[in-house]
Amino acid sequence: KAGVTQTPRYLIKTRGQQVTLSCSPISGHRSVSWYQQTPGQGLQFLFEYFSETQRNKGNFPGRFSGRQFSNSRSEMNVSTLELGDSALYLCASSPMAGAYEQYFGPGTRLTVT
Amino acid sequence: AQSVSQHNHHVILSEAASLELGCNYSYGGTVNLFWYVQYPGQHLQLLLKYFSGDPLVKGIKGFEAEFIKSKFSFNLRKPSVQWSDTAEYFCAVTVNGNEKLTFGTGTRLTIIP
């Protein structure tokens, strides 16, 4: 089975712009979770989607949003980018809802200048 | 809110040495506990998990972890490390009724041949 794929792998944006990141889960997996990884804050949970519905949300401002499509692919959007949004954004998929066994993708490295 | 502490930020060991990485969490209820590993240039992957039952959990590549409820700990152990164990190790927890995965800040392990 192919693993979790994320596109793009690297992205450079300017403050104030918006960005959309994409995640394709492992075939058959219906849960997709997003995490932000930074050197200072470590890995922080953003949100989880299951069957096109947001199940859980972390403590991030409303500029961070996401959605899931009927084929379980997910997108994450960050509007009005700030320098502090520079991070590695990781997507993880799971066959069931919740954090019971997650398979992570390689991440998208976002740099905001 | 739950939190996870990994007090060892960087551990350096020689091959064949024994390993113990500390992980403590702050939540008094039912928890699910995980160790994830990130090898250089690779995705984050699950090493082992504890949900219930035997508090001594065995994972891949000879790793094990022991859940000690009275100490709120889930330390990772390996009796004899190899150079290929060089990686970053993350402890994570979910608490009963809240399936957000909370990660520790990670421990970088360097094995010297």
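Every value quoted in this text rests on a predicted model; they were computed, and no experiment measured them. Convention: sequence-line order gives letters A, B, ...; per-chain numbering from 1.
- Here B/Phe34 contributes atom CZ and A/Gln102 contributes atom CD; the two are 7.5 Å apart, rounded to the nearest 0.5 Å.
- Hydrophobic clustering (ILVMFWY, side-chain heavy atoms < 4.5 Å, transitive): B/Leu46 and A/Ile26 are in distinct clusters.
- B/His43 NE2 to A/Gln6 CD: the interatomic distance, rounded to the nearest 0.5 Å, is 8.5 Å.
- With rounding to the nearest 0.5 angstrom, the CD atom of B/Gln38 is 7.0 Å from the CG atom of A/Leu90.
- Looking only at heavy-atom pairs under 4.5 Å with chain B, the residue among A/Gln44, A/Lys57, A/Gln41 that has the most is A/Lys57.
- Note on A/Tyr49 and A/Leu43: separate hydrophobic clusters, where clusters join Ile, Leu, Val, Met, Phe, Trp and Tyr whose side-chain heavy atoms are under 4.5 Å apart, directly or indirectly.
- Linking ILVMFWY residues whenever their side-chain heavy atoms come closer than 4.5 Å, directly or via other members, leaves A/Trp34 and B/Phe103 in distinct clusters.
- Across A/Gly105, A/Gly107, A/Gly42, the residue that shares the most heavy-atom pairs under 4.5 angstrom with chain B is A/Gly105.
- Residues B/Tyr36 and A/Leu46 fall into different hydrophobic clusters, defined by Ile, Leu, Val, Met, Phe, Trp and Tyr side chains chained together at heavy-atom separations under 4.5 Å.
- A continuous path of Ile, Leu, Val, Met, Phe, Trp and Tyr side chains, each step under 4.5 Å between heavy atoms, connects A/Leu21 with A/Leu81, placing both in one hydrophobic cluster.
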Applying side-chain contact (heavy atoms from CB on, under 4.5 Å), run through A/Tyr35 and B/Leu101 and close with a yes or a no.
-> CA-CA 9 Å; A/Tyr35 297 86; B/Leu101 195 58; 3.4 Å; yes

